Amino acid sequence: MEVMYDRVAGLDVGNDSVTVCLRTPGARRGRRAETRTFKTTFGSLRLMRDWLVEAGVEIAAMESTSTYW
């Protein structure tokens, strides 16, 4: 399979928290996955942003687990 993006994130957005799975290149052509959960407060979301920028995330996909409309 052709890898289109090396550094990606999946975000599961809820009312009180956002769970993020970060996928980056690993050892021996493998993939490394790391999952963290952040609160939906401004400060916590800034920490999430900083983590994703530091990891060099190129693209992210989001899923909402609640009704927002």
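If you're wondering where the values come from, they're calculated on a predicted model, not measured in any experiment.
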Applying the 4.5 Å side-chain criterion to the ILVMFWY set and letting contacts propagate, would V57 and L11 be lumped into a single cluster?
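Yes; L11 is reachable from V57 via cluster members.
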
Cluster check L52, M62: I/L/V/M/F/W/Y, side chain < 4.5 angstrom:
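Yes; tracing contacts between hydrophobic side chains, which count when under 4.5 Å, links both residues.
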
If a pair satisfies ring pair (Phe, Tyr, Trp, His ring centres under 6.0 Å) and one of its residues is in residues 4-34, list it, with sequence neighbours excluded.
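Listed once each, the pairs would be none.
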
Tell me which pairs pass ring pair (Phe, Tyr, Trp, His ring centres under 6.0 Å) where either residue lies in residues 18-38, with sequence neighbours left out.
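Sorted result for residues 18-38: F38-W51.
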
Starting at CD of E58, measure out to CE of M4 and round the result to the nearest 0.5 Å.
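That separation rounds to 11.0 Å.
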
With sequence neighbours excluded, residues passing salt bridge (Lys or Arg N to Asp or Glu O under 4.0 Å) with R31:
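With sequence neighbours excluded, R31 shows a salt bridge (Lys or Arg N to Asp or Glu O under 4.0 Å) to no residue whatsoever.
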
Holding to salt bridge (Lys or Arg N to Asp or Glu O under 4.0 Å), I want the full list of residues that pass it with E34, two or more places apart in sequence or in another chain.
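R32, R36.
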
Partner set under side chain to side chain donor-acceptor pair (under 3.5 Å) for R7, not counting sequence neighbours
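Once residues adjacent in sequence are excluded, R7 has no partner under the side chain to side chain donor-acceptor pair (under 3.5 Å) criterion.
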
Selection residues 19-30 - residue pairs positive for side-chain hydrogen bond (donor to acceptor under 3.5 Å, both in side chains), sequence neighbours left out
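Residue pairs passing side-chain hydrogen bond (donor to acceptor under 3.5 Å, both in side chains), neighbours aside: T19-T37.
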
Which atoms form the tightest heavy-atom contact between T40 and N15, and what is the distance?
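Where T40 meets N15 most closely, the heavy atoms are OG1-O, 3.1 Å.
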
Side chain to side chain contact (heavy atoms under 4.5 Å, CB included) partners for L45, two or more places apart
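Counting only residues at least two positions away or on another chain, L45 forms a side chain to side chain contact (heavy atoms under 4.5 Å, CB included) with V18, M48.
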
